[in-house]
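To start, the structure itself, in structure tokens.
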Amino acid sequence: MQQASLLPGTSVLGTRTRTAHFAPVRDLRWLIALAVLFTAAQLYLAVGTPGLGWDETVYVSQVDPRAPAAFFSAPRARGITLLLAPVAVLTTPAPVLHCYLAVLSGAGFLLTLCLWRRLLPAPVPALGGALFAGLWITLFYGPQAMPNLWTAYAALVATGCFLLAVRQPAAQLAPGAGRSAAVGLAVAVAVAGLMRPLDAVWLSLPLFAAALCVPAWRRSTVLLALPAGLVLGCAEWIVEAFTSYGGLLARLRQAGEIQGGLGWHPSFGDHARALQGKTLCRPCDLAWDQPVTAVWWFALPLAVAGAVWAASRAHEPGGTLHRYGPVWPIPRGRAPGSGRRELGLEPVRLGTLGLNPVRAVGLGLDGAMHRYGPAWPPSSLRDPGGARHRYGPGPIALPALVGLCLALPYLLMVDYAAPRFLLPAYALLLMPAAWFLYWLTLLPRRRHGWAIAALVLALLAHEGMQLAILYKMHRATVRAQHDVGRIVGTLRTAGVRPPCAVSGEEAVRLAYGIHCAARQPGGHDASISPAGLTRLGARHPAAVVLAAGRKPPRYARDWRPVRLPPTPGLKRLSAYLSPAARP
């Protein structure tokens, strides 16, 4: 006996039926408008941001021919540097790089929504995309040289391509069908591997398990595409592990040490507090003064669970769609499938089944009227080889599963919080959550109209709060980058010029601004010994930057102190310059 597919088969819809698989052009216009708005917001932030963040500087310095490369620690991957390389080899002003990434980010956003437009009813990708793009985390990191948003896009594309690749029952799979989706799956997993290798592993595991455990999804192309994409994307990281870190296990061990030691470290509270507006909560001793900023974070898993429940009950044994599925009873004179695509559960057009719409509506397809309208779908749509409805529960359940797998390592195994780590999980989980919100809007309005109005107001309030946090974060970032620029100017005036080295607080950004090398004598980024730094300072200008009030290290006790300008966006700093640094 064949296993019923969770996605529609070609025997019912046909893979080339334009009316069945493609939403109207007007739906695409909404997605384009959303992507344009998202890109415009990022460009506004990009133009107003004068410098690079600490992590951004590490990535950009790897491909900037005008400055020494910063220390590249074990957890990092070079995917974002490859994305930056075409522009960075020509010019590296921060606004230029940020505008370039903002445009690419908007294009990637539109691509992912167009892909999911083929899997869910058109309003759902638009709503899910709007919720994802409206998060302050997404807007803040969208134009930045950081890999997490690109991993989120790759996770969305990989999950979508997986669903497209398995949308047909195996027995009806035409030669060559699904191969393009399998290629897209492999490419998406490879991109995730280039950006964040460990995230790519957590992305591939549930997809591979789903392909193995669901007989109707068992495709050789999918089972080959997942490991092929994973190996292709992680190959550079693995090779570098042997050439620079002493082997793969050694690199993994160093990466775990830099992350604070991977183990059982539940950090749900840390992540919730960080949503107040904290890029890195380590240690997360931040007071939880604004718990309202995390309401959406606690509501998201509830919405996803509701979506999975509603999708799983969309087809009950009585032969009807869910009680609140497509509008039932069908208005007199209208055939099933001729109206709106409610909930993405629209039955297949009766013409494709050789059925008489009038007879079907008047008598009921099994000869009996159901409590909520004509009995539907017919047994021909519930047979093992057919599709139970146009979209199936797969596009709801699978992103929920993959998003959960991407979130749990950061929620359970890392003892600190950075909101950007969960961007891939948010991107996936917001698709079923958006479907659930769409489902709620289609409840009978006579009884629940007030609830729909309350839902709309809650979403507007949520977005206003996200924009307020974004404004606070952007203003603090700009203030700190102006402080870094003033310190860079002071150190240059005091005699720190290439070839030179900077150590201590904010060494990476200060060194990059002066085109020096960042050299730390201790910590995870240690790349020189104290004795080596002393010898280097005797030949070339060197600076050690410390928190104000701290005594200089032993190797710099005879170095010249320099008063640094006030830094309201950073903690107060002081500097000591080597004898070779002359004004």
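Positions are given from 1, in the same order as the sequence printed here.
- Ala74 and Ala255 make their closest contact through CB-N, 3.7 Å (heavy atoms, listed as atom of the first residue, atom of the second, distance).
- In this pair, Tyr153 and Trp150 present their aromatic rings perpendicular. The plane angle is above 60°, beyond the 30 to 60° band.
- Side-chain contact between Ile80 and Met146 is absent, with no heavy-atom pair separated by less than 4.5 Å.
- Side-chain contact check for Leu110 versus Leu34: every heavy-atom pair is 4.5 Å or farther apart.
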Exercise for the section: Starting from the C-alpha separation in whole Å, work towards a yes-or-no answer on side chain to side chain contact (heavy atoms under 4.5 Å, CB included) for Glu240 and Arg76. Expected result: CA-CA 11 Å; Glu240 190 178 36; Arg76 300 186 186 275; over 6 Å; no
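- Side-chain contact between Leu232 and Leu194 is absent, with no heavy atoms from C-beta onward closer than 4.5 Å.
- Ring geometry for Trp136 against Phe140 counts as perpendicular: the plane angle is over 60°, on a 0 to 90° scale with 30° as the lower cut.
- A pairwise comparison of heavy atoms in Ala188 and Ala158 identifies CB-N, 3.6 Å as the closest pair.
- Of all heavy-atom pairs spanning Ala152 and Ala427, the tightest one is CB-CB, 3.9 Å.
- Not counting sequence neighbours, the partners of Leu437 by the side-chain contact (heavy atoms from CB on, under 4.5 Å) test are Leu127, Leu131, Leu440, Leu455, Leu459.
- You'll find the side chain of Leu45 reaches within 4.5 Å of the side chain of Leu470, heavy atoms only.
- Among pairs with a residue in residues 397-414, those fulfilling side chain to side chain donor-acceptor pair (under 3.5 Å) read Arg196-Tyr410, Asp199-Tyr410, at least two apart in sequence or across chains.
- Checked against the 6.0 Å centroid criterion, the rings of Trp309 and Phe436 do not qualify as a close aromatic pair.
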Exercise for the section: Kindly determine whether Val402 and Leu398 satisfy side chain to side chain contact (heavy atoms under 4.5 Å, CB included), including the steps that lead there. Expected result: CA-CA 6 Å; Val402 179; Leu398 189 63; 4.2 Å; yes
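- Of the possible polar contacts, one joining the Trp116 side chain to the Leu156 backbone as a donor-acceptor pair under 3.5 Å is found.
- Closest approach of Gly129 and Leu113 over heavy atoms only: CA-CD2, 3.8 Å.
- Using modelled atom types, no side-chain atom of Ser105 and backbone atom of Leu101 make a donor-acceptor pair closer than 3.5 Å.
- Side-chain atoms of Leu404 and Leu428, non-hydrogen and from C-beta on, never get closer than 4.5 Å to each other.
- Leu430 contributes atom CG, which lies 6.0 Å from atom CG of Leu135 (distance to the nearest 0.5 angstrom).
- Proximity of a side-chain donor or acceptor of Glu56 to a complementary backbone N or O of Gly53 within less than 3.5 Å is detected.
- Between the side chain of Ser267 and the backbone N or O of Val414, at least one donor-acceptor pair lies under 3.5 Å.
- In this structure, the separation between CG on Leu31 and SG on Cys114 is 5.5 Å, given to the nearest 0.5 Å.
- Shown here is Phe268, whose CZ atom has more than 12 heavy atoms of other residues, nucleotides or ligands within 6.0 Å.
- Between atom OG of residue Ser180 and atom CG of residue Leu185 there is a gap of 11.5 Å, rounded to the nearest 0.5 Å.
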Practice task
Before giving the answer on side chain to side chain contact (heavy atoms under 4.5 Å, CB included), spell out for Leu139 and Leu467 the whole-Å C-alpha distance, their side-chain angles and the decisive distance to 0.1 Å.
Solution key: CA-CA 9 Å; Leu139 286 168; Leu467 293 177; 4.2 Å; yes
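- When every heavy atom of Leu163 is checked against every heavy atom of Pro395, the shortest pair comes out as CD1-CA, 3.6 Å.
- In this structure, CG on Leu457 lies 12.0 Å from CD1 on Ile452, to the nearest 0.5 angstrom.
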Exercise for the section: Please step through ring pair (Phe, Tyr, Trp, His ring centres under 6.0 Å) for the pair Tyr426 and Trp296, ending with a clear verdict. Expected result: CA-CA 11 Å; Tyr426 296 152; Trp296 72 270; 5.2 Å; yes
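- When each of Thr81, Leu83, Leu82 is tested with Tyr59 by the rule side chain to side chain contact (heavy atoms under 4.5 Å, CB included), just one qualifies, namely Thr81.
- The CG atom of Leu104 sits 10.0 Å away from the OG1 atom of Thr39 when rounded to the nearest 0.5 Å.
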Exercise for the section: Report the C-alpha separation of Leu423 and Thr151 in whole Å, then their side-chain angles, then the decisive distance to 0.1 Å, and conclude whether the side chain to side chain contact (heavy atoms under 4.5 Å, CB included) test is met. Expected result: CA-CA 8 Å; Leu423 274 174; Thr151 307; over 6 Å; no
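- Judged by distance alone, with hydrogens and angles left aside, the side-chain atoms of Arg251 form a donor-acceptor pair with the main-chain N or O of Trp237 at under 3.5 Å.
- The structure places OG1 of Thr441 at 10.5 Å from CH2 of Trp439, a figure rounded to the nearest 0.5 Å.
- Within the 4.5 Å cutoff, the side chain of Phe132 has heavy atoms near those of the Leu149 side chain.
- In this structure, Trp202 contributes its side chain and Gly403 its backbone to no donor-acceptor pair below 3.5 Å.
- Between Cys405 and Leu205 there is no side-chain heavy-atom pair separated by less than 4.5 Å.
- Looking at heavy atoms from C-beta onward, Thr293 lies in side-chain contact with Ile469 at the 4.5 angstrom threshold.
- With Arg117 contributing its side chain and Ala122 its backbone, the two residues share no donor-acceptor pair below 3.5 Å.
- Taking Phe38 as the reference, Phe109 meet the ring-ring contact (aromatic ring centres under 6.0 Å, His included) condition, with sequence neighbours excluded.
- Contact between Val304 and Ala400 at its shortest, heavy atoms only, is CG1-CB, 3.5 Å.
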